[in-house]
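Okay, structure first, notes after.
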2 protein chains.
Amino acid sequence: MATIQDVAKLAGLSRTTVSRVINRHPYVTDEKKRLVMNAMEELNYVPNSSARRLRKQQTETIAVYVPRITNPFFSQMVEVMGNYASDRGYQLILCQTSYSRNQEINYLELLKTKQVDGLILTSIENEWSSIEPYMNYGPIMLCNEYNDQAQVPTVYLDQIEGAYIGTRHLIEQGHTRIAYCSGDNHASRVASDRYTGYKKALEEAGIVPREDWFLTNAYSIDDGKRVFNDIAKMNDRPTAVFTGSDEVAAGIWKEALNHKWDVPNHLAIIGFDDQPVADLIGLTTIRQPIENMGQQAMELMIDSIQHKLPSKKKEIKLDFELVKRRST
Amino acid sequence: MATIQDVAKLAGLSRTTVSRVINRHPYVTDEKKRLVMNAMEELNYVPNSSARRLRKQQTETIAVYVPRITNPFFSQMVEVMGNYASDRGYQLILCQTSYSRNQEINYLELLKTKQVDGLILTSIENEWSSIEPYMNYGPIMLCNEYNDQAQVPTVYLDQIEGAYIGTRHLIEQGHTRIAYCSGDNHASRVASDRYTGYKKALEEAGIVPREDWFLTNAYSIDDGKRVFNDIAKMNDRPTAVFTGSDEVAAGIWKEALNHKWDVPNHLAIIGFDDQPVADLIGLTTIRQPIENMGQQAMELMIDSIQHKLPSKKKEIKLDFELVKRRST
DNA sequence: TCTATCTATGAAAACGGTTTCATGATTTCG
DNA sequence: CGAAATCATGAAACCGTTTTCATAGATAGA
């Protein structure tokens with residue numbers, strides 16, 4: 001591999017001048033510039049990025065944390081983030097925490113060892129106090145997830161509102177017996193806020209939330225199937241169910257079909273996210289503006305890296321949209 | 001940030017000895033080792049990865065190319081690759097080519113500039129001759145995609161066989177009027193081989209493939225919907241359709257339902273991949289062992305980086321499985 | 001015309017590690 | 001007991017850039 005030294009020699013100039021050409025510094029005559037360009041071309045030279053990183057103390061790489069990339073919500077997020085980063089000359093390192101606290105902490109070392117310039121968390125597994133110390137080593141941002149203690153830029157949706165909209169919709173459809181079904185991540189405000197929004201809608205309508213219709217630990221299609229069976233076994237059943245994701249909703253519906261239940265007449269189901277599958281099967285759902293979120297977060301991150309902005313709380317709140325289909 | 005020099009000073013030793021401790025070299029007394037450990041602890045020291053990369057000439061990072069991460073086939077692939085890489089201490093850089101030749105070439109520079117130790121291609125947009133020169137800069141591997149000219153390790157499935165199995169299944173169900181529907185990437189053998197397999201099954205059964213039932217450019221759910229409408233408009237219609245992905249199949253089915261067609265009686269549909277959505281909607285499909293492929297590819301890649309194996313053709317062929325559901 | 005500023009270039013330092021080489025102490029072995 | 005091998009450590013070179021500093025010529029302003 002040719003080095004900058006080789007180029008300098010061939011061009012009959014110093015390393016410094018070659019470097020100036022590469023980095024588009026002023027004060028290089030056109031003639032020398034041409035000499036350097038030709039030499040680079042001839043040697044098929046490209047600057048070594050490790051050396052560059054070391055000297056410039058920056059990596060042009062950003063880490064994005066997701067629980068699992070196979071979750072369509074997160075893969076959509078990563079898609080837009082990756083494309084936007086690429087447009088601005090940044091690489092994206094994918095960190096899958098697999099819902100594991102340890103894995104999350106492991107990956108945080110990336111920032112400390114200067115393998116990335118900054119990181120974007122789309123979910124949090126640990127208490128914020130475990131994450132905060134890493135803020136010394138580079139910018140950290142939240143996207144989707146949010147946290148009261150975190151003094152960092154945050155692009156998010158008001159999940160209270162999202163759940164409220166969904167639950168209200170069910171109430172407007174005439175339901176009063178509405179179950180609630182979600183994942184439960186204690187370090188995450190997303191889950192608790194949704195429950196708050198759900199209760200708010202119920203209470204406004206004079207309905208008392210029932211403990212036995214509070215179903216947790218549901219993330220996947222399979223979890224949805226299990227949830228359906230739990231509901232089917234109840235003596236006193238709900239007529240509608242609010243879910244925390246389209247996958248779970250799809251699982252419930254699928255299993256309901258297996259048991260010859262009619263959706264929405266025997267059970268109305270509302271999903272969350274508006275993933276492609278929701279349109280496919282006709283699921284009413286609450287759309288999250290994923291593209292918008294992902295792009296804004298990445299934009300903010302790159303800006304704060306490039307302008308070395310001090311980290312501070314800055315909230316960007318986006319809006320939900322109810323998408324009515326035939327499951328409600 | 002503390003450097004190795006700071007640690008050395010605090011421990012009263014040389015940089016060399018500190019480096020030895022970090023890298024678990026032999027020939028360091030337990031006492032000095034302890035001194036170094038304490039100093040590192042006290043200074044909250046971690047080695048700077050850029051410096052390390054520069055000196056060791058390796059990055060412990062691998063690039064994975066996919067067309068789009070939102071395609072569930074590829075997100076599953078990336079999930080297992082990412083997890084396996086992480087287990088072995090490697091990072092994964094995600095490169096989305098967006099089906100663009102330019103974008104693919106852009107990303108290839110990553111290898112040349114030594115930002116990654118190697119790269120795994122799950123699809124190819126350019127002619128192999130455009131990619132080959134980059135083999136000088138580090139190991140390249142194929143996973144899923146394959147190419148006759150590429151003298152590189154390849155983990156793949158025999159797509160002729162996959163399409164053959166699917167088409168045979170349709171024939172065994174009594175169909176003789178079978179349409180073919182897929183994407184069309186000319187640089188990829190996946191597409192052409194599938195068509196070969198399809199024709200092989202037809203010809204064995206004495207059926208002549210029909211040009212007007214050869215439908216291309218189908219990748220997404222929306223494409224599937226379009227394809228259905230194309231079929232519906234035909235005067236002389238097929239009774240079954242072979243598709244190149246579960247998404248496309250799902251789109252066809254969805255649109256068929258909209259038009260009150262009965263699947264499989266009016267139109268039998270077979271998908272490809274066996275993604276979660278296939279189980280959800282009851283789609284017959286051809287399962288690809290994605291986890292297995294991804295893991296084997298990543299394993300091969302890391303081994304060849306660590307043992308500096310010379311790049312050569314080495315084919316690992318895995319098998320398909322037909323999953324029968326109610327769409328056929 | 002003289003000085004201040006701007007332009008153009010290169011030598012050397014710096015980034016923060018790892019590896020090579022040299023050296024002395026200690027152990028092993030014939 | 002002497003030579004060879006092994007153990008333990010540090011100085012210095014090295015990885016390949018960018019940045020700082022120094023220098024000199026050209027230009028502008030007074």
Side-chain angles (χ1 to χ4, degrees), chain A residues 1-37 39-40 43-61 109-117 137-138 306 308, chain B residues 1-37 39-40 43-61 109-117 137-138:
Chain A
M1 281 295 294
T3 71
I4 199 173
Q5 184 66 281
D6 302 327
V7 176
K9 193 186 288 177
L10 184 61
L13 293 164
S14 71
R15 297 206 303 274
T16 314
T17 304
V18 177
S19 175
R20 287 208 176 91
V21 174
I22 296 169
N23 295 287
R24 294 187 175 66
H25 277 300
Y27 305 154
V28 182
T29 57
D30 287 348
E31 193 207 331
K32 310 263 156 118
K33 202 176 287 178
R34 206 166 29 70
L35 281 171
V36 169
M37 302 287 247
M40 293 202 297
L43 295 171
N44 193 17
Y45 168 82
V46 281
N48 177 302
S49 96
S50 301
R52 211 170 202 178
R53 283 171 178 234
L54 173 58
R55 181 62 237 224
K56 300 182 96 160
Q57 300 283 58
Q58 47 158 301
T59 64
E60 301 189 330
T61 306
E109 293 291 317
L110 287 180
L111 191 59
K112 202 169 168 186
T113 59
K114 301 286 180 212
Q115 301 207 43
V116 298
D117 288 338
Y137 307 110
Q306 293 185 337
K308 299 201 186 349
Chain B
M1 279 296 297
T3 72
I4 200 174
Q5 184 66 282
D6 302 327
V7 175
K9 191 186 286 177
L10 183 61
L13 295 163
S14 72
R15 296 207 304 273
T16 314
T17 304
V18 176
S19 174
R20 289 208 176 90
V21 173
I22 295 169
N23 295 288
R24 293 189 177 66
H25 279 299
Y27 305 154
V28 182
T29 57
D30 286 350
E31 194 204 331
K32 311 262 155 118
K33 201 177 288 178
R34 207 166 29 71
L35 281 172
V36 170
M37 303 287 247
M40 292 203 296
L43 295 172
N44 193 18
Y45 168 82
V46 282
N48 177 303
S49 95
S50 301
R52 212 172 200 175
R53 283 171 177 235
L54 174 58
R55 181 61 235 227
K56 301 183 97 159
Q57 299 284 56
Q58 47 159 298
T59 64
E60 301 189 328
T61 306
E109 293 291 317
L110 287 180
L111 190 59
K112 202 169 169 187
T113 58
K114 300 288 182 212
Q115 301 205 46
V116 299
D117 289 338
Y137 307 110

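Letters go in sequence order (proteins before strands), and every chain restarts at 1.
Taking the nucleotide of DNA chain D with the nearest heavy atom to each of B:Lys32 and B:Leu54, the more 5' of the two is matched to B:Lys32. Mapping A:Val46 and B:Thr17 onto DNA chain D by nearest heavy atom places B:Thr17 closer to the 5' end of the strand.
Atom pair B:Met40:CE and C:dG16:C1' shows a separation of 15 Å (rounding to whole Å applied). The CZ atom of A:Arg24 sits 18 Å away from the P atom of C:dA8 (whole-angstrom rounding). The distance between atom CD of A:Gln58 and atom C1' of C:dG16, rounded to the nearest whole Å, is 16 Å. Rounding to whole angstrom units, CZ of residue B:Arg52 and C1' of C:dT19 are separated by 14 Å. Rounding to whole angstrom units, NE2 of residue A:His25 and C1' of C:dC6 are separated by 17 Å. In this structure, CG of B:Asp30 is placed 13 Å from C1' of D:dC7, rounded to the nearest angstrom. The separation between B:Arg53 atom CZ and C:dT19 atom C1' is 20 Å, rounded to whole Å. Look at CZ on B:Arg20: it is 13 Å from P on C:dC21, rounded to the nearest Å.
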Report the C-alpha separation of A:Tyr45 and A:Ile22 in whole Å, then their side-chain angles, then the decisive distance to 0.1 Å, and conclude whether the side chain to side chain contact (heavy atoms under 4.5 Å, CB included) test is met.
CA-CA 11 Å; A:Tyr45 168 82; A:Ile22 296 169; 3.7 Å; yes

For B:Asn48 and A:Arg53, what are the C-alpha separation, side-chain angles and deciding distance, and is it a side-chain hydrogen bond (donor to acceptor under 3.5 Å, both in side chains)?
CA-CA 10 Å; B:Asn48 177 303; A:Arg53 283 171 178 234; over 6 Å; no

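Using a 4.5 Å heavy-atom cutoff, the side chains of A:Lys112 and B:Asn44 are in contact.
For the OP1/OP2 pair of D:dT9 and a distance below 4.0 Å, the side-chain nitrogens and oxygens of B:Thr29 include at least one atom meeting the criterion. For the pair B:Asn48 and C:dC15, the criterion of a side-chain N or O lying under 4.0 Å from OP1 or OP2 is not met. Contact between the side-chain N/O atoms of B:Ser19 and the OP1/OP2 oxygens of C:dT18 is found at a separation under 4.0 Å.
One N or O on the side chain of A:Thr113 and one on the backbone of A:Glu109 form a donor-acceptor pair closer than 3.5 Å. Looking at B:Asp6, its side chain does come within 3.5 Å of a backbone N or O of B:Thr3 through a donor-acceptor pair. Within the 3.5 Å criterion, the main-chain N or O of A:Thr59 finds a donor-acceptor partner in the side chain of A:Asp117.
If you check every strand for non-hydrogen atoms under 4.0 Å, A:Gln5 touches nothing. Residue-level contact check: B:Arg15 touches the bases, meaning some heavy atom is under 4.0 Å from a base atom. At a threshold of 4.0 angstrom between heavy atoms, the contacts of B:Thr16 include nucleobase atoms, whether or not backbone atoms are also involved.
Side-chain contact, A:Ser19 with A:Thr16: no donor N or O sits under 3.5 Å from an acceptor N or O.
When all heavy atoms of B:Tyr137 and B:Lys114 are compared, the pair lying nearest together is O-NZ, 3.4 Å.
At its two ends the helix from C:dT1-D:dA30 to C:dG30-D:dC1 runs along axes set 30° apart, each axis drawn from five pairs and the angle rounded to 10°.
Each of C:dT9, C:dG17, D:dT18 was ranked by its minimum atom distance to the side chain of A:Leu13; first place goes to C:dT9. The side chain of A:Tyr27 sits closest to C:dT9 out of C:dT9, C:dG17, D:dC7.
On a pure distance criterion of 3.5 Å, a polar donor-acceptor pair joins the side chain of A:Arg55 and the base of D:dT18.
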